[in-house]
Peer 1: 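Before anything else, here's the structure in question.
Each ligand, and each atom within it, is numbered from 1 in the order the structure gives.
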Amino acid sequence: MKFASRMQRLGTETAFEVLVRARALEAQGRDVVHLEIGEPDFDTPANVAAAGKAAIDAGWTHYGPAAGQPDLRQAIADYINRSRGTAYGPENVVVTPGGKPIMFFLILALLEAGDDAIYPDPGFPIYRSMIDFVGARAIPLPIREENDFRLDVAELASLITPRTSFLIINSPANPTGGVLTRADLEAIAQLAVDHDLFVLADEIYSEILYEGEHHSIAVYPGMAERTAILDGFSKTYAMTGWRLGYGLMPVELANEVSRLMVNSVSCTASMVQRAGLEALTGPQDDVRAMVEAFRRRRDLMVEGLNRIPGISCLNPAGAFYVFPNITGTGMGSKEFADRLLEEFGVAALSGASFGEHGEGYLRLSYANSEENLRKALDRIEAAAPATVAAR
Ligand SMILES: Cc1ncc(COP(=O)(O)O)c(C=O)c1O
């Protein structure tokens, strides 16, 4: 079969491949602790699940508006304005099946050959995949441990050329858990305004934050007209399988993204949007309990990893990942991740699967029980060559 040449430029997300390999090992009777996949292990809150079920019975089983149901778009604008201090209306909101399509649609709508787009490395792999796919040039912005896994504003400034039109930021970040400060965001906003950059602010982990408040770049002067906020229900409400996310952007861009919706999926599932409305407007206790559980697990992982010779781990301020430095083990990231899975029964991701600057690290999701995390820590310790040498 002959494929269009653009298919060669399309990347992927390793997490799904590692999951398949881990499941194959389990099918052979092996015990595997899953730290590879980026989703809460909690169930969707009961009130939200009930709203989804009731919506099916109430007949929310038909097509709806491409950009989303009007009351849900209003509730999303209200929530974002409340939590960020922005001034969006429902006309700025596009509801999509998960947050991921917002990346896809924005990049399709805004980038083409001749454009440069700066993206975080290590970062969510789909950013680079989509930039490459549309034929634009992907410029990696190194995210360094020395800088607490925050982007370095001076380094960002050094990468901007007259061709640069697009910048992706992600805070709290996957895979590092790094969080940008207010001062970082203000300086990035100034660069965006000075160089006429459009910013995709991926804020999908905004509620999974252990210190301070979430800040958005969209609030700085001149930014509302050049920012799209990506957020959604997958992580905050443990709704990954429902597929419900959204973007907030200038109206003329929202109209273009809606046209891409019409041309692809038509609309987001109607009953799923009703569940989303309940998630945003109903009680938030389950979200708070989940974040507190993640905080305890983060502490357990960071402490446990730092006790293993050859491994060191920063304490991430957000999301549910740790990104330990494994260079002291003498092993490469992929080599260590493969050894962990195949010989020790821990599914982890190589840092390098998030970009070349992720080499020397592993990404471990701690969205798993404390019992399983302890088991994983013991196995990682057994797998770390430095431990063997020390004995
Ligand atoms: C940084 C980041 N952005 C966006 C997404 C996409 O989320 P969704 O499942 O809602 O499409 C993810 C999911 O892993 C993510 O880590």
Peer 1: How about CG on D43, more than 12 heavy atoms from neighbouring residues, nucleotides or ligands closer than 6.0 Å, or not?
Peer 2: no
Peer 1: Could you tell me whether the side chains of E207 and H214 share a donor-acceptor contact shorter than 3.5 Å?
Peer 2: no
Peer 1: With backbone taken as N, CA, C and O and side chain as the heavy atoms from C-beta onward, which portion of L244 lies under 4.0 Å from ligand 1: side chain, backbone, both, or neither?
Peer 2: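 For L244, no heavy atom sits under 4.0 Å from ligand 1.
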Peer 1: Taking T176 for the side chain and G178 for the main chain, is one N or O donor matched with an acceptor at less than 3.5 Å?
Peer 2: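 Answer holds: yes.
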Peer 1: Are any of the side-chain nitrogens in E370 or R296 under 4.0 Å away from the carboxylate oxygens of its partner?
Peer 2: yes
Peer 1: How far is atom 10 (O) of ligand 1 from its nearest protein heavy atom, and which residue and atom name does that atom have?
Peer 2: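 Answer, as residue, atom name and distance: S234 OG, 2.6 Å.
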Peer 1: What protein heavy atom lies closest to atom 9 (O) of ligand 1? Include the residue and the distance to one decimal.
Peer 2: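 The answer is R243 NH1, 2.9 Å.
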Peer 1: Return a yes/no value for D202: is any of its N or O atoms, backbone included, closer than 3.5 angstrom to an N or O of ligand 1?
Peer 2: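 Yes; at least one N/O pair falls below 3.5 Å.
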Peer 1: Does ligand 1 have an atom under 4.0 Å from some heavy atom of K235?
Peer 2: yes
Peer 1: For atom CD of Q8, is the number of surrounding heavy atoms from other residues, nucleotides or ligands below 6.0 Å larger than 12?
Peer 2: no
Peer 1: Starting from atom 6 (C) of ligand 1, which protein heavy atom do you reach first, and at what distance in Å?
Peer 2: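 Result for atom 6 (C) of ligand 1: K100 N, 3.9 Å.
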Peer 1: Got a second to check how far I131's CD1 is from I139's CD1, nearest 0.5 Å?
Peer 2: 9.0 Å
Peer 1: So which heavy atom in the protein is nearest atom 4 (C) of ligand 1, and how far is it from that ligand atom?
Peer 2: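 For atom 4 (C) of ligand 1, the nearest protein heavy atom comes out as M103 CE, 3.4 Å.
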Peer 1: By number and element, which atoms of ligand 1 are closer than 4.0 Å to a non-hydrogen atom of G99?
Peer 2: 8 (P), 10 (O), 11 (O)
Peer 1: Do other residues, nucleotides or ligands put more than 12 heavy atoms under 6.0 Å from the CZ atom of R30?
Peer 2: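 Atom CZ in R30 is crowded, with more than 12 foreign heavy atoms closer than 6.0 Å.
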Peer 1: Can you give the donor-acceptor pairs under 3.5 Å from side chains of residues 315-326 to other protein atoms, not counting sequence neighbours?
Peer 2:
unit_1	atom_1	unit_2	atom_2	d
N315	OD1	R298	NE	3.4
Y321	OH	Y205	OH	2.5
N325	OD1	T327	N	2.9
N325	OD1	T327	OG1	2.6
N325	ND2	E145	OE1	2.9

Peer 1: For ligand 1, find out whether one of its N or O atoms is nearer than 3.5 Å to an N or O atom of I204.
Peer 2: no
Peer 1: Against heavy atoms of G98, which atoms of ligand 1 measure under 4.0 Å?
Peer 2: 10 (O), 11 (O)
Peer 1: Run the numbers for me: atoms of ligand 1, each under 4.0 Å from some heavy atom of Y127, listed by number.
Peer 2: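 Going through ligand 1 atom by atom, the ones under 4.0 Å from Y127 are 1 (C).
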Peer 1: Using a 4.0 Å heavy-atom threshold (strictly under), name the region of Y246 that reaches ligand 1: side chain, backbone, both or neither.
Peer 2: neither
Peer 1: Any non-hydrogen atom of Y205 lying under 4.0 Å from ligand 1?
Peer 2: yes
Peer 1: Identify the heavy atoms of V153 and D184 that sit nearest to each other, and give their distance.
Peer 2: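 Looking at all heavy atoms of both residues, the shortest contact is CG2-O, 4.2 Å.
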Peer 1: Run through the side-chain heavy atoms of Ile, Leu, Val, Met, Phe, Trp and Tyr, join any pair under 4.5 Å, and report what else lands in V32's cluster.
Peer 2: V18, L25, L341, L349, F354
Peer 1: Does T240 reach ligand 1, in the sense of a heavy atom lying below 4.0 Å from it?
Peer 2: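 Not so, T240 does not reach ligand 1.
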Peer 1: Less than 4.0 Å is my threshold; does some heavy atom of W242 fall inside it relative to ligand 1?
Peer 2: no
